[in-house]
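Below: one structure, written as structure tokens.
Note that this is a predicted model, so its numbers are computed, not measured. Numbers here are sequence positions counted from 1.
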Amino acid sequence: PGGPATYPLTACNAAGADAANGATIADTLPAGATLSAQWQCVGSGGATCSAGSGGTAGGSTISLSATALPAGGCLNITVPVTFSSNPANY
């Protein structure tokens, strides 16, 4: 336990599917992990994030929406985390 890491989240819309504009992406970090800085979001394939970054250092939730998530598009969210060095936090 203890130390930094990067927690990746990827939300993609399958090719040939209807657009999922406005889709919500939400996740809670596991026990013992907290945000070490704001998460970053980058879209590909025509997808766009509602925010390029968010969250608060020390927090444990990631929440945003896809402004646009067309077929074949993806949102790639990079979440910097710190793991507690106290085993009791797990």
message = Could you check whether any side-chain heavy atom of Pro4 comes within less than 4.5 Å of a side-chain heavy atom of Ser36, counting everything from C-beta outward?
response = no
request  = Would you name the heavy atoms of Ala37 and Pro80 that are closest together and state the gap between them?
outcome  = O-CG, 3.7 Å
ask   = Does one hydrophobic cluster hold both Tyr90 and Leu29, with members joined at side-chain heavy-atom distances below 4.5 Å?
value = yes
message = Has Asp27 got a side-chain atom pairing as donor or acceptor with Thr61's backbone, closer than 3.5 angstrom?
response = no
request  = Would you indicate whether the side-chain heavy atoms of Val79 and Leu35 approach each other to under 4.5 Å?
outcome  = yes
task = For atom CG of Asp18, decide whether the heavy atoms of other residues, nucleotides or ligands shown that lie under 6.0 angstrom number more than 12.
result = no
ask   = Where the side chain of Trp39 meets the backbone of Thr78, is there a donor-acceptor pair that is under 3.5 Å apart?
value = no
inquiry  = Please find the pair of heavy atoms, one from Gly45 and one from Pro70, that lie closest to each other, and give the distance.
reply    = O-CG, 3.4 Å
note = Residues Ala33 and Ser60: closest non-hydrogen pair is O-CB, 4.3 Å
request  = Measure the SG-CD1 distance between Cys41 and Ile25 for me, rounded to the nearest 0.5 Å.
outcome  = 7.0 Å
Heavy-atom closest contact (Leu69 atom, Ala47 atom, distance) = CD1-CB, 3.7 Å
message = Just so I know, are the side chains of Leu75 and Thr10 near enough to count as touching, which here means a heavy-atom distance under 4.5 Å?
response = no
task = Can you see which heavy atom on Gly16 is nearest to which on Ala71, and at what distance?
result = N-CB, 3.7 Å
query = So how far is it from Phe83 CZ to Asn89 CG, rounded to the nearest 0.5 Å?
reply = 12.5 Å
ask   = Hey, does the side chain of Tyr7 reach the backbone of Ile77 with a donor-acceptor pair shorter than 3.5 angstrom?
value = no
ask   = What is the distance from atom CG of Asn76 to atom SG of Cys49, rounded to the nearest 0.5 Å?
value = 8.0 Å
query = Is a side-chain N or O of Ser85 found less than 3.5 angstrom from the main chain of Gly2, in a donor-acceptor match?
reply = no
